[in-house]
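Working notes, structure below.
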Amino acid sequence: MTLTPFQALDRRVGIDGEKVLLAVVTLYVVVFAALPLARLLAEAFLPEGRMSGELVLQVLTSRAAVNATVNTIETAVWSTVISLLLGTSVAILVGLTDVRFKPSLSFLLLMPMLIPAQISALSWLELTGPSSPVLHALGIAPPLGTRNPLYSREGVILLMGIEHATIVFLSVRAGLRVLPRNLVEAARAAGATPGRIVRDIVLPQLRPAMVAGGALAFVSSIGNFGIPALLGIPGRYTLLTTLIYQRLSGFGPRVLGEVGALALVLAALAAVGLAVQAIALRGHRSAAAAGPDVTPFRLAAWRLPVEALLWGLLVLIAILPLVALAGTSLVQALGVPLTPTTATFEHYRYILTEYPATRRAFLNSGSLAALAAIVIALISLPLGHVALRRPSALTRVIDVIADAPFALPGIVLSIACIMVYLKPLPLLGVGLYGTYGIILFAYFGRFLALGLRPTVAGLRQIDPALEEAASIAGAGALRRLATVVLPLAAPAAMAGAVLVFMSAFNELTVSVLLWSSGYETLGVIVFNLYDEGNATAAAAVAMLSVLVTLAIAAVLTFAVRRMPKGVLPWQA
Amino acid sequence: MAGVRLREVTKRFKGVAAVDGVDLEVASGLFVALLGPSGCGKTTLLRLVAGFESPDAGTVAIDDEVVSTATSVVPPERRRIGMVFQSYALWPHMNVADNVGYALKVKSVPAAERKRRVAAALAAVGLADYGRRRPSELSGGQRQRVALARCLAMEPRVVLLDEPLANLDVHLRDSMQAEFRAFHAATGSTMIYVTHDQAEAMALADMVAVMHRGRVEQLAPPADLYHRPATPMVAEFVGRGMVVPALVEGSPDAGRIRASVLGAAVPLRCNGATNSALACLRPEGLELADADAGGCIPARVETLTFTGATTTVHLRVEGTGEDRPLYLHVAEHVPPRGSRVGVRIRDGWLIPG
Ligand SMILES: Nc1ncnc2c1ncn2[C@@H]1O[C@H](COP(=O)(O)OP(=O)(O)OP(=O)(O)O)[C@@H](O)[C@H]1O
Ligand SMILES: [Mg+2]
């Protein structure tokens, strides 16, 4: 009798496929998540580390660091306030009233999830600047040479607030979904007006969702690089992320100890936000069984004005900046009015044929993102499966560590990766610093959580009895994974892979510290072109990458109809 | 054929025992039903036998081979058992034939033989022409038949079934029950069948194990369970028996013992134990008499429930402080509500435990 590959494997590993799976996923998480973060901590707290006490103290008490820290906190707090106001009010209006076209409104608010921060920032600059094609069309553009008002503290705060309103919106919408309908109905029966009900019943019930969403928005602001880089650097408003970037790109790895200390401050601030989020969500996870939705309040005569307001707001924050970006990519030169006759594809031609770094960047980002997506999808299945079906102290630790590189600011991970890979690897003798490999490894850690979540959502929906039935039929752990779990969870893992691809494809925060000549990413190219003053070329590259992202999102949205619910963050 | 033996098996979830020191021996080839109220530990017990749960104490043996102890557990895939799930657990991405043939494929059975055995199993459950269908294209009853065929094709030593009919409507249940009986007759395999439907348990099983709070209260053939319940819980749970205080007066003689029940002297059936103080009465062991007839228990008619052929009369016993009502069925001469009647005990059982 011939052995099937599974039997052969079972024999070789001595029956216990489950141990093999656990070992593989543990190894992955240790190498790509635990190792860099542990190294960062070790450099700070072990005596021979780069950041031994004195240096850290010196760095952290320097004026630049104190300023950047204060600015970072200030930005995060105020932008979180904006996110909370915007995200909560749109979620309540869409969730509790009878405004029309709800899916379109939700989608508009969720656009920032698809557009990376540096491209949003670029679009807003093109919208509000003196050469704005939109303002020109309206005839209200300020004279050329006027300073863009967004190059300022307020600009950074405003854009971050808008950017992260999505996070609050998603959290509050999830909270509304599990709001017991009878609470609202009881208040109605008691004669309360809709306004009162929202104030007295709905908002108190939504508080955990708002706190959790706000905390996440805060964490995202702390770690955001694209917006302070494009708006803050010209505006001389420096945050911790941009300070780290400026130091490291100015002085190279010899300031690794110094930027490591700054990264720890960044991580600590983010940890505060994450802790608040965890506390807010404690005990609220189980309320997942959603009942029927609350019957919407009728706005009656107010409906049209409210709809107009919502559309105006969302078009302003989601559509107009992209229109401006598109316009800028088509003008002959900055300041030249855009008309059908003056529009030109010259900048597209330039970046695609004359500026070799762009083509390289498309290849680099495309292949990095594809590799990260595939590898993460492949590891997510066993990882999610082991954590879900064989929970143990070990899997819970793995779960937390797997989340950390995505939850913490990307720049923290980048610095940790530089620390690990600066010197040639022991045994192998090759160094990864300054290569494609270091970016890839950083992505393997950074986007793991992003791919893992949809996969776990898909795995959760598989009846455990299906796997037990395979057990009964004599199938060992590896065979069960391959023949039962994999086919059933594949759509969700695919969705996770596409999310990883979209994020990695456009990513800037991690690669801005890790790229080197020849290994540029798309995010880096957009940033560098703009930094060099070539705004039109930057806009053209940004437009291309936005189009790629939106095309993928559209395909995914249609494909997802056949998939289990809850795998796509921007969907119901 | 295999027997299943559990010795002192305990399983705790977060410190609470779901299965509590269970001793159970299922002889080879027997069809045993596990019966009990919701949450009493039936599923947990079944999963302990299957190997999905590991015991905190005790041992599980199949065919005299110990498969579970507190420290080591043979995984389900190496136990050669079959299991039929309440949710059917058919793999939605495989067609019916692939579902049925999966275990054979795992065992590397050659394709030709596999095909033959799959066809035979499907034919046995009357689904010979359904091999190419997807599970989603089948009705609930058909799905459960496929699950049964899947089990059949594996030729397991022991078959475990966890409320396999709970998701089917009443009419289908009858025909599926016949299917299970045929399966048992054809394979002669040991079967453990979890249900909380006593009619189903009684109709199907050779022996019924009644569970309560993680323990097996009684393991007995269905008729014994009804006529000779071992504990008050079994007496009340099976057939809604009436448990009343009994005062033993004398010693057992030819399976009978004299006792005073609710003030009336009655010979109760017994199994020799005399230190008991409770009797189990059944409605068919009671009859109505005049209020002042001798040897009767005085009672008042509380409510009447018309059920068709008979009327159920609920009675409140008077003058004994006994507040559990008695009930019996009468076909004619239904006494009016509120009237005083006498109750004569024609048959009762002295509960030994
Ligand atoms: N995995 C688990 N974790 C924690 N508690 C459990 C688990 N499985 C079962 N229990 C508890 O053990 C007890 C017995 O559960 P079990 O499922 O065996 O009952 P059951 O007799 O099958 O009930 P039902 O008729 O409702 O199916 C219950 O109190 C249940 O809540
Ligand atoms: Mg059960």
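Labels below follow one simple rule: chain letters A, B, ... track the order of the sequence lines, proteins then strands, and each chain is numbered from 1.
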Practice item. Using a strict 4.0 Å threshold on nitrogen-to-oxygen distance, state whether A/Glu468 and B/Arg47 make a salt bridge. Key: yes

Review point. What do you reckon, is NE2 of B/His196 surrounded by more than 12 foreign heavy atoms closer than 6.0 Å?
Key: no

Review point. Which atoms form the tightest heavy-atom contact between A/Ile472 and B/Met83, and what is the distance?
Key: CG2-N, 3.5 Å

Review point. Roughly how far apart are B/Arg78 CZ and A/Ser471 OG, rounded to 0.5 Å?
Key: 11.0 Å

Check your understanding: So, the side chain of B/Trp91 versus the backbone of A/Leu466: is there a donor-acceptor pair under 3.5 Å, distance only?
Key -> yes

Point to revise | B/Asp64 atom CG: more than 12 heavy-atom contacts under 6.0 Å | key: no

Exercise for review: State, to 0.1 Å, how close B/Arg150 and A/Ala469 come at their nearest heavy-atom pair, and which atoms those are.
Suggested key: NH2-CB, 3.5 Å

Practice item. Grab the two heavy atoms, one from B/His93 and one from A/Thr483, that are nearest each other, plus how far apart they are. Key: NE2-O, 2.7 Å

Check your understanding: Taking all non-hydrogen atoms of both residues, which atom of B/Ala89 and which atom of A/Ala465 are closest, and how far apart?
Key -> CB-O, 3.5 Å

Practice item. Flag the one option from B/Pro92, B/Pro110, B/Pro75 with the top tally of heavy-atom pairs under 4.5 Å to chain A. Key: B/Pro92

**Study point:** Contact origin within B/Leu160 toward chain A - heavy atom pairs under 4.5 Å
**Key:** neither

Check your understanding: Hey, is CZ on B/Arg12 packed in by over 12 heavy atoms from elsewhere, all under 6.0 Å?
Key -> no

Point to revise | Atom CZ of B/Arg181: over 12 foreign heavy atoms under 6.0 Å | key: yes

Practice item. State, yes or no, whether a side-chain contact exists between A/Val484 and B/Tyr102 at a heavy-atom distance under 4.5 Å. Key: yes

